[in-house]
Engineer: 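For reference, the structure I am asking about is given below.
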Amino acid sequence: MHPETRQATSIYVNGERTKTPARTLAELIEALGHGEGTVATALNGAFVPRQNRAGMRLAEGDRVEVLAPRQGG
Amino acid sequence: MNLMEPPRGTRHALSLYGVEVASRLLLGTARYPSPDIMSRAVAAARAGVVTVSLRREAAGGKSGQRFFDLIKSLGVRVLPNTAGCRTPREAITTAQMGRELFGTDWVKLEVIGNDDTLQPDPFGLVEAAGVLARDGFKVFPYTTEDLIIAERLLSAGCAVLMPWGAPIGTGRGLANPYALSSMRKYFPDTPLIIDAGIGAPSHASQAMEMGFDAVLLNTAVATAADPVRMAAAFAGAIDAGRAAYEAGLMEVRDMAEPSTPLAGTPFFDLDKP
């Protein structure tokens, strides 16, 4: 199905509710403008390795975390 | 011995999970006035390991990558933390994300049990440490000085322990030196790193004189008026403390003992009958 004709999925990205046409976690990361290796992802609290993102379909209400390196102590 | 060598304290290199670390100062990367000052502080501290974290990245955000590029340019080993995690599950997921992003199986494991003290939740900590160690992580647990928790962490697969000096960010130094001293004596062969609570170079020096293997600190350097000079001050204090430990400190006595020889003391017998 072409993305434009599909129903957008309502999910949470980093705690904020958003609608996305992305079907998979990989598509979402691309749509958010992140390079493949610049962020790490979790879906509903569980880590999703980079290579598994394409196979991870998004469903209504999913909670996605998109994390990047930051200063830390 | 080459007497012209600068007085560096580390005669024996520190080994953490089989990796030789040149410096006994591990430095945090947060709270500096600027990235440039942070970089210069890491250099002045001669730190071989810096701690980093993971935080949410906004859509299209590039700050994470910029920060990581800067860290990579410093040529130091990174120790990703799980700061802010309150359950084993959060900490485990964060550790896994950090391993992928930073390309290291080292993790500074924090499972926080209380907002006011940022005290480790020992039950969650031991649980998460076991899961991560079985998954191949080299776990650096942020823990208390409690010996039983320490034993459980070692049983769970940790080969390094990081007891707190005092609660994170307080700068109070070693709040419980007796318990920390007991911990050092009880685990003579486990690398023990004092993590958190260090406020002044004298605190770090004290920890090293007690035989701790290294010190991890952040706020005391980052929030100093001159972080670069403070980093150098800590490096010197840690070298001095380590050298003193290796040189063997004198026994503490209750009563005075003259340091000048008694033999040949002038007028020694004048007031004797």
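Convention: sequence-line order gives letters A, B, ...; per-chain numbering from 1.
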Engineer: Side chain to side chain donor-acceptor pair (under 3.5 Å): which pairs involve residues 212-224 of chain B, sequence neighbours left out?
Structural biologist: B/Arg184-B/Asp213
Engineer: Can you say whether B/Glu110 sits under 4.5 Å from chain A via the side chain, the backbone, both, or neither, judging by heavy atoms?
Structural biologist: side chain
Engineer: Nearest 0.5 Å, what's the CE-CG distance between B/Met97 and A/Leu67?
Structural biologist: 3.5 Å
Engineer: Rounded to the nearest 0.5 Å, what's the gap from CZ on B/Arg99 to CZ on A/Phe47? Could you check?
Structural biologist: 7.5 Å
Engineer: Name all pairs fulfilling the salt bridge (charged side-chain N to carboxylate O under 4.0 Å, His left out) condition that reach into residues 51-67 of chain B, sequence neighbours left out, sorted by first residue then second.
Structural biologist: A/Glu65-B/Arg56, A/Arg70-B/Glu57
Engineer: Backbone N or O of A/Gly72 within a donor-acceptor pair of the B/Thr29 side chain at under 3.5 Å?
Structural biologist: yes
Engineer: Minimum heavy-atom separation for B/Thr51 and A/Gly73, please, with both atom names.
Structural biologist: OG1-C, 3.2 Å
Engineer: Who among B/Val52, B/Leu26, B/Asp195, B/Leu217 has the most heavy-atom pairs with chain A under 4.5 Å?
Structural biologist: B/Val52
Engineer: For residues B/Ile71 and A/Pro69, determine if any side-chain heavy atom of one lies less than 4.5 Å from a side-chain heavy atom of the other.
Structural biologist: no
Engineer: Heavy-atom pairs under 4.5 Å with chain B are the metric here; pick the option from A/His34, A/Arg50, A/Glu16, A/Gln71 that has the most.
Structural biologist: A/Gln71
Engineer: For B/Ala58, is it the side chain, the backbone, both, or neither that has a heavy atom closer than 4.5 Å to a heavy atom of chain A?
Structural biologist: backbone
Engineer: Show the nearest heavy-atom pair for residues B/Thr93 and A/Ala42, with the distance to one decimal.
Structural biologist: CG2-CB, 3.9 Å
Engineer: At their closest point, which heavy atom of B/Gly64 faces which heavy atom of A/Ala68, and how far apart are they?
Structural biologist: CA-CB, 3.9 Å
Engineer: Around B/Arg31, counting heavy atoms of other residues, nucleotides and ligands shown, do more than 12 lie under 6.0 Å from its CZ?
Structural biologist: no
Engineer: Shorter than 4.5 Å, heavy atoms on both sides: which option in B/Gly28, B/Pro80, B/Pro35, B/Ala59 has the most such pairs with chain A?
Structural biologist: B/Ala59
